[in-house]
Amino acid sequence: MPLPKISKPLHHPTLNCKLTGKTSKTTIQYRGIKYASIPGRWEESVSVDTLPVDEKGIFNATTFGPSCPQKKGAQAWDLTLIGNEILEVEEGQGDSEKMNEFECLHVNITVPKGLEEGDAGGEGRAKGRLLPVFVWVHGGGLSMGSNSWPQYDLEKFVARSVQIGKPIIGVAINYRIGVFGFLASRELGVEGNLGFKDQVNAFRWLKMHIRGFGGDPDNITAAGESAGGISLSTLLCADVGERLFDRVAVMSGEVTLRKPRRKRWHEGLYKDQLKMLGLEGLGPEERTGRMRDMSAEEMAEKLPLAQHFCAVVDGIWLKSNVELSMLADGGSEMGKPGWCKEFVIGDCAADGTILKGRILDDPQAHSRLISLLSTHLTPLQSSNLLSAYSLTSPSSSVQTTFGLRNLATELRWYLPSLVVHEGWKSAQRKRARYHFHVLNPFEGMHRRTASHELDVAFLLQHYTDRIPSHLAYVAKQMADLWIGLANGEGLEVYMGSDTWGSGSGDQVIIISDGGVESLSEEDYDDVYRNGRGRILQQLGREVGLDNLWKVADLWQGVRQEEENGIKAKL
């Protein structure tokens with residue numbers, strides 16, 4: 001593993017210390033900077049404003065901070081979503097990744113060179129101007145992930161911003177995940193939402209301290225994919241009480257993909273943990289004691305790689321249910337708080353690849369779908385939907401799998417992106433929509449599909465030296481779009497219109513093997529989705545968006561909520 005090259009010290013005025021970071025050709029990365037402390041298991045994090053320093057008053061920010069405890073090998077498994085590629089690792093990554101339940105709340109900050117002490121007028125500060133801040137919230141199904149993972153490193157992304165003359169500061173945040181971040185239990189006295197509240201503390205910390213790294217606290221763009229997108233979309237629905245970021249890109253996962261649930265639902269999830277940990281047969285006092293005393297590492301290894309964690313509707317932080325119909329309603333502030341100035345949402349054409357285990361590999365998925373549709377839709381509605389996805393009488397198992405993948409993708413990702421974008425449009429708020437159609441070039445289980453998480457590989461520039469030159473160019477184009485967004489340019493350069501306040505006429509960004517282009521919303525649906533978006537939207541109007549969402553949720557096999565002990569029905 002290569003040793004990091006160390007920068008000269010940066011004097012930070014609000015942290016009251018100096019920091020040394022790891023240098024590259026055009027950037028410096030300050031790693032493992034703690035933004036909050038965790039007083040105890042399942043307690044809310046508390047912001048911190050000091051760092052441990054040596055006798056010279058210097059904090060060594062050249063090493064990665066620990067991840068939140070999770071199943072070993074999660075980072076390598078996550079890479080298989082891209083393909084059979086292996087990324088180079090440093091100390092603190094790969095097999096040397098460290099985990100610590102109470103020391104996992106930190107940020108990695110990547111800045112263009114020229115901001116360190118004695119060179120404040122360098123190109124990084126753009127002639128004295130504070131730089132835009134780009135914050136990355138990692139994915140992982142709320143069960144895994146870390147800002148130290150090489151696939152989430154922002155160094156190449158920031159280097160690209162310098163290369164095109166639009167320098168930004170990149171921040172990758174860590175937050176509690178899995179049972180440590182999203183468990184809720186009356187018996188344990190745990191209210192839940194801890195991982196989301198960690199993220200809020202990270203944004204608050206940045207507003208206080210990013211200026212010392214040359215960043216503008218009043219110009220923050222947040223982006224996240226999958227669970228990262230779910231997280232940011234959830235923050236837009238919560239009562240956070242302040243502006244956390246100025247604009248946001250929600251990628252392949254908005255709040256209803258992991259819809260917040262009532263406390264009763266979370267009690268069922270808590271019982272699942274007791275069973276998997278071998279504690280269900282114990283008395284209340286003994287099992288709660290074991291839950292609090294069991295080592296984090298043992299707990300993480302006994303529990304599955306992924307579970308269906310989500311937010312808790314607690315009536316305080318998250319005051320009410322979040323429904324797809326609310327997000328689609330321009331008259332509702334749900335998911336559209338006034339403090340967020342600009343909203344971008346999009347997906348991958350085959351996001352359903354991430355449901356391989358839940359749907360695509362399930363031999364009963366097709367028959368279960370038929371049963372659900374016959375129960376909740378009219379015969380004509382069912383026939384039209386199945387016909388649109390070639391599932392009426394598929395000629396082969398390949399055709400069935402292809403149709404199921406498209407339907408899973410478009411019920412869980414594409415339709416929500418359409419209606420959530422429509423909500424921002426009808427509210428006459430600044431917004432944009434994109435869709436990722438690049439075919440996966442890597443050997444692996446998702447080759448030749450625009451698979452889930454492939455967009456991250458292209459955006460963050462980690463594979464540009466491993467793909468054909470025309471795809472490397474597409475990756476750079478995509479990064480340039482997000483860099484432009486962070487610089488306040490929006491996506492207008494590709495949209496063909498600057499009438500963002502109007503109620504119609506939006507263009508859609510398409511990122512494909514041929515590059516970046518834009519089409520009208522209708523043309524996009526016709527050309528790239530064979531008109532299926534209109535079919536789903538019409539069906540949503542007929543049966544109700546929220547009912548259609550429930551059909552998809554039941555098909556995916558997610559436990560349904562119960563009301564007064566009776567399972568909720570459509």
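Bear in mind the structure is a predicted one, so any value in this text is a computation, not a measurement.
Between Tyr175 and Phe182 the shortest side-chain heavy-atom distance falls below 4.5 Å. Between Lys113 and Thr27, the closest side-chain pair of non-hydrogen atoms is not below 4.5 Å. Side chains of Phe180 and Leu194 form no contact here, defined as non-hydrogen atoms less than 4.5 Å apart. With contacts defined as side-chain heavy-atom distances shorter than 4.5 Å, the pair Leu459/Phe157 qualifies. Contact check for Leu369 versus Leu391: side-chain heavy atoms found under the 4.5 Å cut-off. Using a 4.5 Å heavy-atom threshold, the side chains of Leu485 and Arg247 count as touching. Using a 4.5 Å cut-off on side-chain heavy atoms (C-beta onward), Pro69 and Met299 make no contact. Contact annotation: the side chain of Leu236 approaches that of Cys340 to within less than 4.5 Å [non-hydrogen atoms, C-beta and beyond].
For the pair Arg431 and Phe343, the NZ or CZ position fails the cation-pi test of under 6.0 Å to the six-membered ring centre and within 45 degrees of the ring normal. A cation-pi contact links Arg529 to Tyr414, judged by a cut-off of 6.0 Å to the six-membered ring centre and 45° from its axis.
The heavy-atom pair separating Glu254 from Leu324 by the smallest distance is OE1-CD1, 4.3 Å. Of all the heavy atoms in Val158 and Ile168, the pair that sits closest is CG1-O, 3.5 Å. Residues Ala475 and Thr464 approach most closely at CB-CG2, 4.0 Å, considering heavy atoms. Nearest heavy-atom pair across Ala227 and Leu142 is CB-N, 3.4 Å. Listed here is the closest heavy atom pair of Leu183 and Val179: CB-O, 3.2 Å. Between Ile345 and His421, the shortest heavy-atom distance links the atoms CG2-CB, 4.0 Å.
When only modelled atom types and interatomic distance are considered, Gln151 and Asp78 share a side-chain donor-acceptor pair under 3.5 Å. Side-chain polar atoms of Ser451 and Asn440 form a donor-acceptor pair below 3.5 angstrom. Looking at Thr110 and Gln29, their side chains do bring a donor and an acceptor atom within 3.5 Å of each other. A side-chain donor-acceptor contact under 3.5 Å links His435 and Asp347. The closest side-chain donor-acceptor pair between His452 and Ser252, if any, does not fall under 3.5 angstrom.
For Tyr434 and Trp482, the gap between ring centers is short of 6.0 Å. Ring pair Tyr389/Phe402: centre-to-centre distance not below 6.0 Å. Note: Tyr524 and His437 meet the aromatic proximity criterion, with ring centroids under 6.0 Å apart.
At a threshold of 4.0 Å, the pair Asp480-Lys166 does not count as salt-bridged, since none of the basic side-chain nitrogens sits closer than that to a carboxylate oxygen. A salt bridge links Glu91 to Lys98: one of the charged nitrogens lies within less than 4.0 Å of a carboxylate oxygen. A salt bridge between Asp198 and Lys34 is absent, with no side-chain N of the basic residue lying under 4.0 Å from a carboxylate O of the acidic one. Under 4.0 Å is where a charged nitrogen must lie from a carboxylate oxygen, and between Asp351 and Arg412 no such pair does. A salt bridge is defined here as a Lys NZ or Arg NE, NH1 or NH2 lying under 4.0 Å from an Asp or Glu carboxylate O, and Glu97 with Lys72 fails to meet this definition. The existence of a salt bridge linking Arg534 and Glu522 is excluded, since no basic side-chain nitrogen approaches an acidic carboxylate oxygen closer than 4.0 Å.
A distance of 11.0 Å separates NZ in Lys22 from CG in Asn108, rounded to the nearest 0.5 Å. Summarising the geometry, atom CG belonging to Asp455 is positioned 9.0 Å from atom CG belonging to Leu460; distances are rounded to the nearest 0.5 Å. How far NZ of Lys302 is from CD of Glu297: 13.0 Å, rounded to the nearest 0.5 Å. With values rounded to the nearest 0.5 angstrom, Arg433 atom CZ is found 9.0 Å from Ile510 atom CD1. Considering CD of Gln70 and OG of Ser146, their distance stands at 6.5 Å, rounded to 0.5 Å. To the nearest 0.5 Å, the span separating SG on Cys348 from CE on Met251 amounts to 7.0 Å.
Using bins of under 30°, 30° to 60° and over 60° for the plane-to-plane angle, the ring pair Tyr463/Phe442 lands in the tilted bin. Below 30°, between 30° and 60°, or above 60°: for Tyr30 and Phe213 the angle between ring planes is between 30° and 60°, a tilted geometry.
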Exercise. Step by step, would you call Phe458 with Phe436 a ring pair (Phe, Tyr, Trp, His ring centres under 6.0 Å)?
Worked result: CA-CA 10 Å; Phe458 273 62; Phe436 185 86; 5.7 Å; yes

For this session: Take Leu554 and Gln560, measure what side-chain contact (heavy atoms from CB on, under 4.5 Å) needs, and give me the verdict at the end.
Result: CA-CA 7 Å; Leu554 285 164; Gln560 297 301 288; 3.3 Å; yes

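Under the side chain to side chain contact (heavy atoms under 4.5 Å, CB included) test applied with Leu385, the options Leu407, Val551, Leu411 reduce to a single match, Leu407. Here the options are Thr221, Leu232, Val171, Ile210, the test is side chain to side chain contact (heavy atoms under 4.5 Å, CB included), and the partner is Val135; only Val171 passes. Considering Arg559, Lys259, Arg261, Arg258 in turn, Arg261 is the only one that fulfils the salt bridge (charged side-chain N to carboxylate O under 4.0 Å, His left out) rule with Asp553. For the pairing with Gln199, the side chain to side chain contact (heavy atoms under 4.5 Å, CB included) check across Leu244, Leu105, Leu235 returns one residue only, Leu235.
Of the possible donor and acceptor atoms, one in the side chain of Asn100 sits under 3.5 Å from a partner among the backbone N and O of Glu103.
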